[in-house]
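Read the structure below first, then the notes.
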Amino acid sequence: MRLLQLMAAGACHSGETLGSQLGISRSAIWKQLKALEALGLEFDAVPGKGYRLTQPIELLDRAAIIAAIPAQLSTHLNAVEVHDEIDSTNSYLMQRAQNGAASGTVCLAEYQRSGRGRRGRQWISPFGSSIYLSLLWRFPVGPEQLGGLSLAAAVAVTRALHDVGARNIGLKWPNDVICEQRKLAGILLELNGEASGASNVVIGIGINVNMPPTASGEIDQPWTDLTSICSNPVSRNQLTGLLIGHLLETLTTYQQQGLTPFINAWCQADILADQRVELHMHDKTITGTARGIDNDGALLLDCAGKLQRHQCGEVSLRRATPIR
Ligand code: BTN
């Protein structure tokens, strides 16, 4: 990773200079570049000059992240871990929770080998292009009282995005973060209950910041990133610190008051409000008009005049049926 620190700003470096700076041979440099390419980074070979990153990157920097967390909130923070490479920040923190990690532990990675999305999907996680963050929180209540937490977390994500200049951010029930009908960020909340009646929750968040064009072919839904929608470049470290701050504030508020303080903000961002939608459940699909959420975060669906509440499933906008 020292090689990447030398190259992060995007300048051109010869194999020889890099080799002498790192005390290794030119062929070892070449091998490291190939290994970085395998993680999703792209390099140009400039004839007679050497190598450079196709796009400069801002590497995650623990000190810069912590500096961006508002001081009054960092009292709820236990630790911030930054990994170059990991299977999944969520899987890692769930494991750490079993082994006694404290509430308020945050894990970030530059690259996830097996990033996980909702409903068993993959979360494509190229190196240095996005934010892959998980936060562990221990609640003194059982999982049944945490039904609305993923919606509150989605509100926290929209607030952090707003802070860095992203506009027209919407939410698709329960917690997809959308801009111009494309997915910008996703949330995977995982929890387990303890015999004592308490719960361990890991909130995993992926935000597309500056995705490489090569990611397009791998992602199975329309997506966007902050580079495409913001007029100014977004600092990953700044956004990460702000996001951690909003999450800590959200978790402490949710612990005292539940979803209620977040319902207005969630409904204001609701892109499905009053739209004809389809709700896909594992064994059936139902059609109705989306009417927001109830106090527990369940989706309210008006089906032929009857209001139904649903706690799981995947919603999509219903395409207009062609008139014959
Ligand atoms: C979704 O499908 O919308 C949820 C995506 C969640 C991705 C994040 S990235 C950090 C954390 N680690 C994972 O493996 N998944 C979540």
Side-chain angles (χ1 to χ4, degrees), residues 39-40 60 65 80-98 101 105-137 149-158 160-161 169-179 181-192 200-212 215 218-226 236-237 239-241 243-244 246-247 250-251 266 269-272 280 282 297 299 312-316:
L39 302 183
L60 293 176
I65 292 169
V80 177
E81 291 184 21
V82 178
H83 298 252
D84 290 335
E85 199 182 329
I86 206 164
D87 278 346
S88 147
T89 54
N90 260 38
S91 308
Y92 172 82
L93 263 197
M94 288 299 284
Q95 187 63 47
R96 294 266 282 112
Q98 306 280 316
T105 300
V106 173
C107 172
L108 290 146
E110 292 284 14
Y111 174 79
Q112 296 188 116
R113 288 183 292 270
S114 316
R116 295 187 290 112
R118 288 178 60 233
R119 304 176 75 76
R121 293 204 178 97
Q122 243 193 312
W123 188 259
I124 303 293
S125 310
F127 192 102
S129 318
S130 293
I131 290 171
Y132 315 119
L133 174 148
S134 299
L135 191 158
L136 167 67
W137 198 259
L149 182 58
S150 78
L151 285 81
V155 171
V157 174
T158 63
L161 291 169
I169 303 298
L171 292 175
K172 180 161 91 70
W173 185 86
N175 54 28
D176 278 352
V177 181
I178 304 287
C179 184
Q181 295 174 22
R182 291 166 178 276
K183 188 147 164 176
L184 173 66
I187 298 171
L188 176 66
L189 194 135
E190 297 183 290
L191 45 83
N192 58 35
N200 299 324
V201 181
V202 170
I203 302 177
I205 297 171
I207 303 178
N208 300 335
V209 178
N210 188 19
M211 293 288 273
E218 293 177 83
I219 302 178
D220 62 357
Q221 54 188 320
W223 61 272
T224 188
D225 62 10
L226 288 173
R236 285 199 305 148
N237 290 312
L239 172 56
T240 302
L243 175 61
I244 293 172
H246 282 294
L247 286 172
T250 295
L251 286 159
W266 194 95
D270 181 5
I271 61 166
L272 298 178
H280 308 278
H282 68 281
L299 173 72
C312 53
E314 174 142 319
V315 209
S316 59

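Indexing begins at 1, ligand by ligand and atom by atom, following the structure's order. Residues: numbered from 1 along the sequence shown.
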Rounded distance (nearest 0.5 Å) linking atom CG of L184 with atom CD1 of I207
7.0 Å
V202 vs L189, side-chain contact (heavy atoms from CB on, under 4.5 Å): CA-CA, chis, key distance, verdict
CA-CA 6 Å; V202 170; L189 194 135; over 6 Å; no
Any donor-acceptor pair under 3.5 Å linking the side chain of W173 with the backbone of G297?
yes
Atom indices of ligand 1, in the order listed, that fall short of 4.0 Å to a heavy atom of G206
7 (C), 8 (C), 9 (S)
Can you find a non-hydrogen atom of Q112 under 4.0 Å from ligand 1?
yes
Go through the steps for T240 and L133 under the test side-chain contact (heavy atoms from CB on, under 4.5 Å), then give the verdict.
CA-CA 8 Å; T240 302; L133 174 148; 3.9 Å; yes
Other residues, nucleotides, ligands: >12 heavy atoms within 6.0 Å of E85 CD:
yes
Could you go through the side-chain contact (heavy atoms from CB on, under 4.5 Å) check for R121 and D220 one step at a time?
CA-CA 10 Å; R121 293 204 178 97; D220 62 357; 4.1 Å; yes
Residue, atom name and distance, where the atom is the protein heavy atom closest to atom 16 (C) of ligand 1
R116 O, 3.8 Å
What's the shortest distance from atom 5 (C) of ligand 1 to any protein heavy atom, and which residue and atom give it?
W123 CE3, 3.3 Å
Which option, M94, R118, R113, owns the non-hydrogen atom nearest atom 2 (O) of ligand 1?
R118
As an exercise, state the distance from CG of N200 to CZ of R96, rounded to the nearest 0.5 Å.
12.5 Å
Which bit of D176 gets closer than 4.0 Å to ligand 1, counting heavy atoms only: side chain, backbone, both or neither?
side chain
Protein heavy atom at shortest distance from atom 10 (C) of ligand 1:
T89 OG1, 3.2 Å
K183 contact mode with ligand 1 (heavy-atom cut-off under 4.0 Å)
side chain
Sub-4.0 Å atoms of ligand 1 with respect to non-hydrogen atoms of L133:
10 (C)
Distance, nearest 0.5 Å, that separates OH of Y132 from CZ of R116:
15.0 Å
For ligand 1, which part of S134 has a heavy atom less than 4.0 Å away: the side chain, the backbone, both, or neither?
side chain
Considering only heavy atoms, does R119 approach ligand 1 within less than 4.0 Å through its side chain, its backbone, both, or neither?
neither
I'd like to check which ligand 1 atoms, numbered from 1 as shown, lie under 4.0 Å from a non-hydrogen atom of G117.
1 (C), 2 (O), 4 (C), 5 (C)
So if I count the atoms of ligand 1 from 1 in the order they appear, which ones are less than 4.0 Å from some heavy atom of I187?
3 (O), 4 (C)
Closer than 4.0 Å to some heavy atom of G115 - which atoms of ligand 1 meet that?
14 (O)
Hydrogens and angles aside, do E81 and T105 bring a side-chain donor and acceptor to less than 3.5 Å of each other?
no
